[in-house]
Amino acid sequence: MLSLKYLSENPDLVINRLKVKNFQAAGIITRLKQLDSNRRKLQTALDNSQSDINRLSKQVGVLFQQSKKEEAEKVREQTIKIKEEIKNLSPELHGIEDQIRELLVQLPNVPHESVPEGVSPEDNLLIREGGQVPVLSAGALSHWELAKKYDIIDFDLGNKITGSGFPVYKGKAAKLQRALINFFLDEASRAGYLEIIPPILVNEASAFGTGQLPDKEGQMYHIGEDNLFLIPTSEVPLTNIFRDIILLEKDLPRKLTAYSPCFRREAGSYGKDVRGLNRLHQFDKVEIVEVQHPEHSYESLENMTSHVEYLVQKLKLPYRIILLCGGDMSFHAAKTYDFEVFSAAQEKWLEVSSVSNFESYQSNRMMLRFREDNGKKIQQLHTLNGSALALPRIMAALLENNQTKRGILIPEILIPYTGFEVIEYG
RNA sequence: GGAGAAAUGGCAGAGCGGUCGAAUGCGGCGGUCUUGAAAACCGUUGUUCCGUUAUCGCGGAACCGGGGGUUCGAAUCCCUCUUUCUCCGCCA
């Protein structure tokens with residue numbers, strides 16, 4: 001969320017920038033201003049009353065010690081009225097603080113100045129593209145047909161065991177999946193990300209910290225009995241490692257990576273885009289997360305983007321990098337690059353990574369800060385994350401693009417990981 | 001799952017109703033000494049909110065796992081939740 005301080009110092013800037021996200025913020029900001037001014041007044045009144053009580057209490061203590069009981073009794077009576085006041089003001093203050101928080105959470109992050117205006121994916125900006133779109137022979141198969149032909153991914157079996165969106169990988173597909181995970185993790189380590197194995201269930205505070213709660217609650221699987229959530233991405237546990245922490249400037253940036261399964265309910269998404277591996281309830285992903293000094297976070301965004309680009313290049317997949325327009329960006333991001341790879345049999349671009357700078361939006365929520373080297377000043381940090389990469393659509397594109405008469409060819413870079421060069425019959 | 005013990009500042013660890021934001025030690029920072037360093041000695045050392053201030057700062061409030069209560073006054077007493085440890089049971 002945005003900080004009250006930032007909002008009150010730059011109301012017009014926020015209102016204007018949020019128009020890029022097609023969000024009308026003026027009403028909320030006006031309301032926040034009023035609430036904040038009330039909050040300050042109440043806080044001051046309450047502090048003064050409490051100060052009086054503290055002072056009188058000390059007097060009572062001293063008087064009792066000197067066994068001046070009657071005087072002590074008199075002073076004690078004075079406190080009754082003040083306590084009454086505190087009893088009234090205190091819930092009022094909490095009420096206002098709750099209202100402020102509720103409103104703050106409704107404001108999306110302010111997009112970076114380089115983010116184009118727009119309302120739909122058509123307004124996104126193509127940044128770069130690379131790789132060769134393969135020319136498939138007539139009768140090329142989609143990945144779900146290939147999965148069946150080679151008996152390597154079983155969607156029906158997943159239906160039986162769990163439900164739709166939970167495929168079962170078998171044999172060489174299972175090994176290829178594992179190879180991809182290892183490849184991605186090794187590359188992330190080489191690029192300086194610390195490898196982590198995080199919990200895949202998180203509590204409410206963590207889900208709030210990265211912004212899944214309160215608004216995206218319906219997207220997560222919830223374990224009611226223990227009030228825990230299955231992670232939709234390891235961004236959640238990874239970033240929350242830093243919740244309520246004050247880092248030192250000299251320790252920046254902090255870079256983490258993790259493989260984890262991810263769980264998404266995908267409530268409300270039906271239709272043709274969900275075939276095969278295109279949209280699942282459970283999928284594997286390697287994530288990269290970075291916590292960075294505000295002055296360097298946009299360099300980091302570019303570096304993370306380059307890292308992801310390197311991965312798709314090594315896999316020899318045709319890709320494009322897209323700068324999302326305001327209307328297509330997520331609520332929490334300040335700037336996002338999407339990566340899409342071309343899946344040749346479906347003839348579709350599939351999103352395989354989303355790399356975002358959240359600036360201080362998440363760190364405000366989770367009280368993530370750093371202490372400056374040259375003094376005592378404490379500042380908010382910036383957080384970033386990106387998929388590097390999401391597995392199923394990579395798998396889909398690899399299967400479709402690399403199909404040949406003799407089978408599906410494994411990209412060279414992965415052969416040391418898979419131990420085989422081709423997926424064929426049997 | 002059952003029984004018991006505990007949770008205090010960056011860490012270790014005292015305090016168990018009054019002047020305690022909290023002894024002491026370690027660590028960190030600054031200084032003296034030294035050619036330099038170490039040792040020794042001296043000083044300093046959290047966060048949030050409100051007010052004030054051009055800034056350093058200053059004044060006030062809150063925070064001793066979270067939430068609630070008792071009291072003029074709570075780190076200290078009570079309730080509740082969470083977590084950790086010990087024992088028993090179960091188990092990859």
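Throughout, protein chains are lettered first and strands after them, A, B, ... in sequence-line order, and every chain is numbered starting at 1.
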Inset, instruction - Between B:rA7 and B:rU70, how far apart are the C1' atoms? Round to whole Å, please. - result: 22 Å
Legend entry - A:Glu421 atom CD, over 12 foreign heavy atoms within 6.0 Å: no
Legend entry - Spacing of A:Leu228 atom CG relative to B:rU82 atom C1', expressed in whole Å: 12 Å
Legend entry - Geometric class of the A:Phe331/A:Tyr361 ring pair [parallel <30°, tilted 30-60°, perpendicular >60°]: perpendicular
Inset, instruction - Would you mind classifying the nucleic acid contact of A:Arg55 as base, sugar-phosphate or nothing, using non-hydrogen atoms under 4.0 angstrom? - result: nothing
Inset, instruction - Choose from B:rC72, B:rC49, B:rU47 the nucleotide whose nearest atom is closest to any side-chain atom of A:Ile378. - result: B:rU47
Inset, instruction - Would you indicate what A:Asn54 reaches in the nucleic acid, counting non-hydrogen atoms under 4.0 angstrom: base, sugar-phosphate, or nothing? - result: sugar-phosphate
Legend entry - Separation between the P atoms of B:rG66 and B:rG9, rounded to whole Å: 10 Å
Inset, instruction - Indicate the atoms forming the closest heavy-atom contact of A:Ile153 with A:Ala173, along with that distance. - result: CG1-CB, 3.8 Å
Inset, instruction - Quote, to the nearest angstrom, the P distance that separates B:rC11 from B:rC56. - result: 28 Å
Inset, instruction - Starting at the 5' end of RNA chain B, write a dot or bracket for each base, bracketing those in Watson-Crick or G-U wobble pairs whose two distances are under 3.5 Å and using | for partners on another strand. - result: ((((((((.[[[..)..(.....]]]((((((.......))))))(((((((....))))))).[[[[[..)....]]]]])))))))....
Inset, instruction - Could you measure between the two P atoms, the one in B:rC91 and the one in B:rA75, and give it in whole Å? - result: 46 Å
Legend entry - Selection from B:rC50, B:rC72, B:rU48 that lies nearest to any side-chain heavy atom of A:Gln43: B:rC50
Inset, instruction - Over 60° means perpendicular and under 30° means parallel, so classify the ring planes of A:Phe229 and A:His222, tilted if in between. - result: parallel
Inset, instruction - Could you state the atom-to-atom distance from CD of A:Glu372 to P of B:rG28 in whole Å? - result: 22 Å
Legend entry - Residue A:Thr44, side-chain atoms from C-beta onward, closest of B:rC50, B:rC72, B:rA61: B:rC50
Inset, instruction - Could you say whether A:Thr79 or A:Asp36 is positioned toward the 5' end of RNA chain B, judged by the nucleotide with the nearest heavy atom to each? - result: A:Asp36
Legend entry - Heavy-atom protein contacts under 4.0 Å, nucleotides 63-70 of chain B, coded B base, S sugar-phosphate only, - none: --------
Inset, instruction - Quickly work out the A:Leu42 CG to B:rC49 P distance and round it to whole Å. - result: 17 Å
Legend entry - Sequence-distant partners of A:Ser387, side-chain hydrogen bond (donor to acceptor under 3.5 Å, both in side chains), two or more places apart: none
Inset, instruction - Answer yes when A:Lys19 and A:Glu117 have at least one side-chain N-carboxylate O distance shorter than 4.0 Å, and no when they do not. - result: no
Inset, instruction - Look at the side chain of A:Gln50 and decide which nucleotide, out of B:rA61, B:rC50, B:rU47, has an atom nearest to it. - result: B:rA61
Inset, instruction - Answer yes if the side chains of A:Asn303 and A:Glu290 hold a donor-acceptor pair under 3.5 Å, and no otherwise. - result: no
Legend entry - Of A:Arg40 and A:Leu56, the one whose closest RNA chain B nucleotide lies more 5': A:Arg40
Legend entry - Whole-angstrom distance between B:rG31 and B:rC20, as gauged at atom C1': 29 Å
Inset, instruction - Report yes or no: does A:Thr239 contribute a side-chain atom to a donor-acceptor pair with the main-chain N or O of A:Val236 at less than 3.5 Å? - result: no
Legend entry - Nearest-angstrom distance, C1' atom, B:rG17 to B:rA22: 15 Å
Legend entry - Passing candidate, side chain to side chain contact (heavy atoms under 4.5 Å, CB included) with A:Met366, options A:Asp244, A:Ile245, A:Thr210, A:Ile241: A:Thr210
Legend entry - Residues which pass salt bridge (charged side-chain N to carboxylate O under 4.0 Å, His left out) with A:Glu295, listed by chain and number, not counting sequence neighbours: none
Legend entry - Which nucleotide in B:rU47, B:rG73, B:rG60 has an atom nearest any side-chain atom of A:Asp47: B:rG60
Inset, instruction - Name the closest nucleotide to the A:Lys58 side chain, picking from B:rU47, B:rG18, B:rU19. - result: B:rU19
Legend entry - A:Arg76 side-chain N/O to B:rG73 phosphate OP1/OP2 under 4.0 Å: no
Inset, instruction - Tell me, please, which residues at least two apart from A:Tyr6 pass side-chain hydrogen bond (donor to acceptor under 3.5 Å, both in side chains). - result: none
Legend entry - Contacts of type salt bridge (charged side-chain N to carboxylate O under 4.0 Å, His left out), residue A:Arg101, not counting sequence neighbours: A:Asp98
Inset, instruction - Report yes if a side-chain nitrogen or oxygen of A:Lys74 is closer than 4.0 Å to either non-bridging phosphate oxygen (OP1 or OP2) of B:rC72; otherwise report no. - result: no
Legend entry - Rounded distance (Å) that lies between atom P of B:rG28 and atom NZ of A:Lys250: 11 Å
Inset, instruction - Between B:rA40 and B:rU8, how far apart are the P atoms? Round to whole Å, please. - result: 29 Å
Inset, instruction - Measure from CG on A:Asp251 to C1' on B:rG28 and round the result to the nearest Å. - result: 13 Å
Legend entry - Atom-to-atom span, CG of A:Asn227 to C1' of B:rU82 - whole angstrom: 12 Å
Inset, instruction - Take atom C1' in B:rG46 and the same atom in B:rC41, then report the distance between them in whole Å. - result: 26 Å
Legend entry - Nearest-Å distance for atom pair CZ/P, residues A:Arg371 and B:rG10: 10 Å
Inset, instruction - Figure out the CG/C1' separation between A:Leu89 and B:rA62, and round it to whole Å. - result: 16 Å
